[in-house]
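Here the structure is laid out as structure tokens; the discussion comes afterwards.
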Amino acid sequence: MRGVFSAPGDFIYFKSQVPLHKIPIGTKQWRYYDFGPKLVPPLICLPSIAGTAEVYYKQIMSLSTKGYRIISVDIPRVWDHHEWIQAFEKFLDAIDVHHVHLYGTSLGGFLAQLFAQHRPRRVRSLILSNSFLETQSFSTAMPWAPIVGWSPSFLLKRYVLTGIRDGPHEPFIADSVDFVVAQVETLSKDDLAARLTLTTNSASVGSLLLTDSNITIIDTNDYCAIPQKLKDEVIERYPGARRAELKSGGDFPFLSRPDEVNLHLQLHLRRVGVEARPDLVHGKSKDGRDGNSSKQNRDERDEDESSSKENNADSSGGVPPKSNHPSSSSSSSSPALPPDDAGVDSAENRDEQLTMNNSSRFQLVNTLPQVCVGVVYYYYLYYYLSIFILYRSLVNYQLLLDI
């Protein structure tokens, strides 16, 4: 049976139901989604380098209907780890949230640990997925990190996309890759440069006051951009943490394996004492039924249609003709779950869209030789131009001395 939010158009439905918030705090612009009962301590989701606030939409839609509050944020344009800690604390103050539970993947998991280390009173628990403890490995693998702020946008996007494995994927993993690639296209040059700087600047996670029992580690056993050695270091650092290993899922299990990830998130929140409030979910009654009683209305309508058909059959001696117009249920309240076929694109449109996404991604990947040649060319052009300017300055200085 198909899941409620497994249709290709579920992201369109999500965008129509969950508002995007944008607030300026100091010099930083924050983009985030906040959905679920406000009385429940929130689970805040922090994405990877390639992620945006949108990548956790499956967690928002699933867990919010169960009575949890989910906040998904974009990593703002910060260039230093201490700046990140201060900016994130100001963001929590702005949305009036003090105690939080953090779910971070890759770079988001690293930043979540740093915040838990320096602001231990505000973090109640951690969920880490494909994360790491130090940035030295990434700094070594990226020798041009000091000039990342001067690099063109297409080069930064190309470097970020090289971490995503090419080649054939299982359909659900391929869909998650296409979705994230589309999100990378929305990031500006400065956003990408700032995130790469956070990944390569020298930093490491120290000891946490948080007990291991309040930490859950969710890792995938198939290919991942984070080396297995770095993931093993996280496991060794928190030996008492709960572990959840997914057989597959790639770099983005929250998109490719949402049901499994959502289950582990829900189990973690229950274990650390977060009580869901389904009675506060907009559109549901206290007994957990939909507040608009759409199911009851459908049952009553089906009953009426059935009795009407029986009466027509009795009076006319035959079976009444079927109507080609589906009946519609009225609902003026907030989001009830969409039907299975809601927002489903045709198979041809879906294939065409995936082909376009793949072609754009591989087009960026194949431009590496041209990019390298261009960078080397401009480097030497700048070098020789500097020498020429220096030479001309010396000549002019000599002429002045001769005069």
Side-chain angles (χ1 to χ4, degrees), residues 11-61 63-64 68-116 118-119 121-127 149 179-180 182-198 254 265 274 277 280-282 334-335:
F11 180 66
I12 298 176
Y13 177 80
F14 163 79
K15 294 286 286 185
S16 68
Q17 300 298 323
V18 183
L20 172 64
H21 302 281
K22 296 180 181 180
I23 57 172
I25 304 175
T27 59
K28 305 295 181 292
Q29 178 78 13
W30 287 84
R31 295 176 69 256
Y32 68 99
Y33 294 93
D34 185 353
F35 208 57
K38 302 300 182 184
L39 296 180
V40 178
L43 173 67
I44 299 185
C45 306
L46 303 175
S48 62
I49 295 178
T52 61
E54 284 77 9
V55 298
Y56 294 108
Y57 77 95
K58 292 179 182 288
Q59 284 66 52
I60 295 175
M61 297 304 291
L63 296 179
S64 64
Y68 293 100
R69 181 184 179 186
I70 309 297
I71 300 176
S72 178
V73 304
D74 258 0
I75 298 176
R77 196 175 301 167
V78 294
W79 302 85
D80 180 78
H81 298 103
H82 293 290
E83 185 183 7
W84 150 256
I85 295 169
Q86 295 172 1
F88 189 55
E89 186 172 31
K90 291 179 181 178
F91 168 72
L92 296 180
D93 292 338
I95 63 175
D96 195 24
V97 170
H98 187 74
H99 299 118
V100 296
H101 304 266
L102 299 179
Y103 168 41
T105 58
S106 188
L107 174 61
F110 177 71
L111 296 178
Q113 293 175 84
L114 285 180
F115 188 78
H118 293 277
R119 300 294 186 271
R121 296 184 178 181
R122 305 200 72 162
V123 179
R124 287 290 184 258
S125 71
L126 288 175
I127 306 171
F179 185 87
V180 173
Q183 296 303 308
V184 172
E185 293 296 332
T186 66
L187 296 174
S188 68
K189 168 184 172 297
D190 290 336
D191 289 332
L192 289 170
R195 296 182 183 193
L196 286 172
T197 302
L198 290 176
F254 44 87
L265 294 179
V274 178
R277 296 294 302 272
L280 298 179
V281 176
H282 193 45
S334 75

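These numbers were taken from a predicted model, which means no experiment stands behind them. Quick note: numbers below take in every heavy atom, side chains included, and nothing from hydrogens, waters or symmetry partners.
Using modelled atom types and a 3.5 Å distance limit, the side chains of His101 and Arg124 yield no donor-acceptor pair. For the residue pair Ser64 and Tyr33, no side-chain donor N or O sits within less than 3.5 Å of a side-chain acceptor on the partner. In the model, Tyr103 has no side-chain atom that pairs as donor or acceptor with a side-chain atom of Gln59 under 3.5 Å.
Side-chain atoms of Asp74 do not come within 3.5 Å of backbone N or O of Pro76 as any donor-acceptor pair. Remark: side-chain polar atoms of Trp30 are not paired, donor with acceptor, to backbone N or O of Pro24 under 3.5 angstrom.
For the residue pair Pro41 and Val274, the shortest heavy atom distance occurs at O-CG1, 4.0 Å. Taking each heavy atom of Val55 and Pro47 in turn, the nearest pair found is CG2-CB, 4.2 Å. Leu102 approaches Phe115 most closely through the heavy-atom pair CD1-CD2, 4.2 Å. Across all their heavy atoms, Leu46 and Ala112 have their closest contact at CD1-CB, 3.9 Å. Nearest heavy atoms, Pro42 versus His99: CD-O, 3.9 Å. In terms of heavy-atom proximity, Asp34 sits nearest to Ile71 at OD1-CG1, 3.5 Å.
In this structure, CD1 on Ile44 lies 8.0 Å from CZ on Arg69, to the nearest 0.5 angstrom. Separating the CD1 atom in Ile60 from the OG atom in Ser72 is a distance of 5.0 Å, to the nearest 0.5 Å. In this structure, CD on Glu83 lies 8.5 Å from CG on Leu198, to the nearest 0.5 angstrom. Taken to the nearest 0.5 Å, the NZ atom of Lys38 stands 8.5 Å off from the CD1 atom of Ile95. Annotation: the span from Ile127 atom CD1 to Thr105 atom OG1 amounts to 11.5 Å, rounded to 0.5 Å. Between atom OH of residue Tyr13 and atom CE of residue Met61 there is a gap of 5.0 Å, rounded to the nearest 0.5 Å.
Taking the six-membered ring wherever Trp is involved, the centroid distance between the rings of Phe110 and His81 falls below 6.0 Å. In this structure, Tyr57 has its ring center closer than 6.0 angstrom to the ring center of Phe179.
Under the 30°/60° scheme for interplanar angles, the aromatic rings of Tyr32 and Phe91 are found to stand perpendicular.
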Does His21 form a ring pair (Phe, Tyr, Trp, His ring centres under 6.0 Å) with Phe35? I'd like the steps, not just the answer.
CA-CA 11 Å; His21 302 281; Phe35 208 57; 9.6 Å; no
Could you walk me through whether Asp190 and Arg195 satisfy the salt bridge (charged side-chain N to carboxylate O under 4.0 Å, His left out) test, starting with their C-alpha distance in whole Å, then the side-chain angles of each, then the deciding distance to 0.1 Å, before giving a yes or no?
CA-CA 9 Å; Asp190 290 336; Arg195 296 182 183 193; over 6 Å; no
Between Ile85 and Arg119, does a side chain to side chain contact (heavy atoms under 4.5 Å, CB included) hold up when you go through it step by step?
CA-CA 8 Å; Ile85 295 169; Arg119 300 294 186 271; 3.8 Å; yes
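Between Leu126 and Val123, some side-chain heavy-atom pair lies under the 4.5 Å cut-off. For the pair Arg77 and Gln29, the minimum side-chain heavy-atom distance is 4.5 Å or more. Here the side chains of Ile75 and Thr52 are not in contact, with every heavy-atom distance at 4.5 Å or above. The side-chain heavy atoms of Tyr56 and Ile70, taken from C-beta on, include no pair separated by under 4.5 Å. Residues Leu43 and Tyr68 are not in side-chain contact: their nearest non-hydrogen atoms beyond the backbone lie 4.5 Å or more apart.
Ionic pairing of Glu54 and Arg31 is present here: one or more N-O contacts between side-chain nitrogen and carboxylate oxygen are shorter than 4.0 angstrom.
Enclosure of atom NZ in Lys90 is not indicated, since only 12 or fewer non-hydrogen atoms of other residues, nucleotides or ligands lie within 6.0 angstrom.
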